[in-house]
Amino acid sequence: MKVVIVDYGVGNIRSLTNAFEHIGCDVELTRDPVRILAADRLILPGVGSFPYCMEKLKEYELDKVIKAYVSQGKPMLGICVGMQMLFDFGEEHGGAEGLGIIPGRVIHFSRYAEEKQLSIPARLPHIAWSAVNWSSNADAGQLFSTTALSGFYYFVHSFVCVPDNAAQVLATTSYAGLDYCSMAIKGNVCGVQFHPEKSGVLGLSLLKAFVFN
């Protein structure tokens, strides 16, 4: 099973590479379009701001390559900001267009709280081990055949993904009384807001399920 991590100069690459090697994957970090399109599983990492990550993707024209990969119907996983970039638009630092693979937007926790008419979290970013609860309404398709992966994962973020279609919310997490989408899915494309590569045995189990299911 060939796992390719998109190399656009952003992301916690060493931890990700180590995690996939640990579960027995042949993993490669590359920005070569040919090698990306030939991957069995594609990983889009992301750390930092949404606009900067999108700028770097476009600098190497990887946004087009990622969309071409997705059009083949092969599985892809976005992690943290990599999840956020799957959406249409992110409002961080004045806003930027995303990849538009999953319809929806990415907004700050404070705006999300206001829209829900709830209190804004006192502490941001959300840095914690928090529970990920799988939704009974979402269709995991061929990516995940079980909800036994519910449990605590490691989060670091201040922005929240809001899918247009509630059926594309694969799992939710609660922070300061706010329930939000922590996993989203559309076809064979999945995004996780948490860091599975930093989430111990459960995180490795999720990556293994994504790769080998």
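These numbers come from the heavy atoms of this one structure, side chains and all, not from hydrogens, waters or symmetry mates.
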[X] versus [Y], closest heavy-atom pair with distance:
| X | Y | answer |
| --- | --- | --- |
| Gly48 | Val81 | O-CG2, 3.3 Å |
| Phe87 | Val162 | CE2-C, 4.2 Å |
| Tyr154 | Ser199 | N-OG, 2.9 Å |
| Thr173 | Ala131 | OG1-O, 2.9 Å |
| Leu206 | Phe194 | CD1-CZ, 4.0 Å |
| Glu97 | Lys58 | O-NZ, 4.5 Å |

Is [Y] reachable from [X] through a run of I, L, V, M, F, W or Y residues, each pair having side-chain heavy atoms under 4.5 Å apart?
| X | Y | value |
| --- | --- | --- |
| Phe212 | Ile185 | yes |
| Leu77 | Ile23 | yes |
| Phe152 | Leu149 | no |
| Trp129 | Leu124 | no |
| Val160 | Leu118 | yes |

Under 3.5 Å: donor-acceptor pair, side chain of [X], backbone of [Y]:
| X | Y | answer |
| --- | --- | --- |
| Tyr8 | Pro45 | yes |
| Gln84 | Val106 | no |
| Lys74 | Leu37 | yes |
| Arg105 | Glu91 | no |
| Tyr69 | Ala38 | no |
| Asp88 | Gly104 | yes |

Are Glu114 and Arg111 close enough, and set up right, to give a salt bridge (Lys or Arg N to Asp or Glu O under 4.0 Å), and what steps lead you there? CA-CA 5 Å; Glu114 290 171 355; Arg111 183 186 299 275; 5.7 Å; no
Looking at [atom1] of [X] and [atom2] of [Y], how far apart are the two atoms once the value is rounded to the nearest 0.5 Å?
| X | Y | atom1 | atom2 | result |
| --- | --- | --- | --- | --- |
| Ile102 | Met83 | CD1 | CE | 6.5 Å |
| Met85 | Cys80 | CE | SG | 9.5 Å |
| Gln193 | Tyr153 | CD | OH | 14.5 Å |
| Met1 | Phe20 | CE | CZ | 11.5 Å |
| Glu92 | Ser49 | CD | OG | 5.0 Å |
| Leu207 | Leu202 | CG | CG | 10.0 Å |

Is the shortest heavy-atom distance from the side chain of [X] to the side chain of [Y] under 4.5 Å?
| X | Y | result |
| --- | --- | --- |
| Trp134 | Met183 | yes |
| Pro103 | Gln168 | yes |
| Phe210 | Pro196 | no |
| Leu86 | Lys186 | no |
| Val132 | Phe155 | yes |

Check the orientation of His157 and Phe109. Use parallel for under 30°, tilted for 30 to 60°, and perpendicular for over 60°.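 Tilted, since the angle between the ring planes falls between 30° and 60°.
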What is the ring orientation for His126 with Tyr175, classed by angle as parallel under 30°, tilted 30 to 60°, or perpendicular over 60°?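 Rings of His126 and Tyr175: parallel, under 30°.
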Atom OH of Tyr52 with >12 non-hydrogen neighbours under 6.0 angstrom: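 At most 12 heavy atoms, drawn from other residues, nucleotides or ligands, come within 6.0 Å of this atom.
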Check whether more than 12 heavy atoms from other residues, nucleotides or ligands sit under 6.0 Å from atom CD of Gln72, and answer yes or no.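 Yes.
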Kindly indicate, with the supporting measurements, whether the criterion side chain to side chain contact (heavy atoms under 4.5 Å, CB included) is fulfilled by Phe50 and Phe159. CA-CA 9 Å; Phe50 184 111; Phe159 289 80; over 6 Å; no
Which is it for Val6 and Leu57 under the side chain to side chain contact (heavy atoms under 4.5 Å, CB included) test, yes or no, and what are the steps along the way? CA-CA 9 Å; Val6 179; Leu57 277 185; 4.3 Å; yes
Sidechain N-carboxylate O distance under 4.0 Å for Arg31, Asp7: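 Result for this pair is yes, salt bridge flagged.
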Identify whether the distance between the nearest side-chain nitrogen and carboxylate oxygen of Lys2 and Glu28 falls below 4.0 Å.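 Counted as a salt bridge, because a side-chain N and a carboxylate O are separated by less than 4.0 Å.
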Partner of Leu44 under side-chain contact (heavy atoms from CB on, under 4.5 Å), chosen from Ile101, Ile5, Leu99: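 Filter result, single survivor: Leu99.
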Verify side chain to side chain contact (heavy atoms under 4.5 Å, CB included) between Ile36 and Leu62, making sure each step is shown before the conclusion. CA-CA 9 Å; Ile36 290 173; Leu62 291 170; 3.7 Å; yes
Just by distance, no angles: are the side chains of Ser150 and Asn133 close enough, under 3.5 Å, to form a donor-acceptor pair?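 Asn133 and Ser150 do not have a side-chain donor-acceptor pair below 3.5 Å.
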Side chain to side chain contact (heavy atoms under 4.5 Å, CB included) evaluation trace for Asn188 with Met76: CA-CA 6 Å; Asn188 276 349; Met76 174 179 166; over 6 Å; no
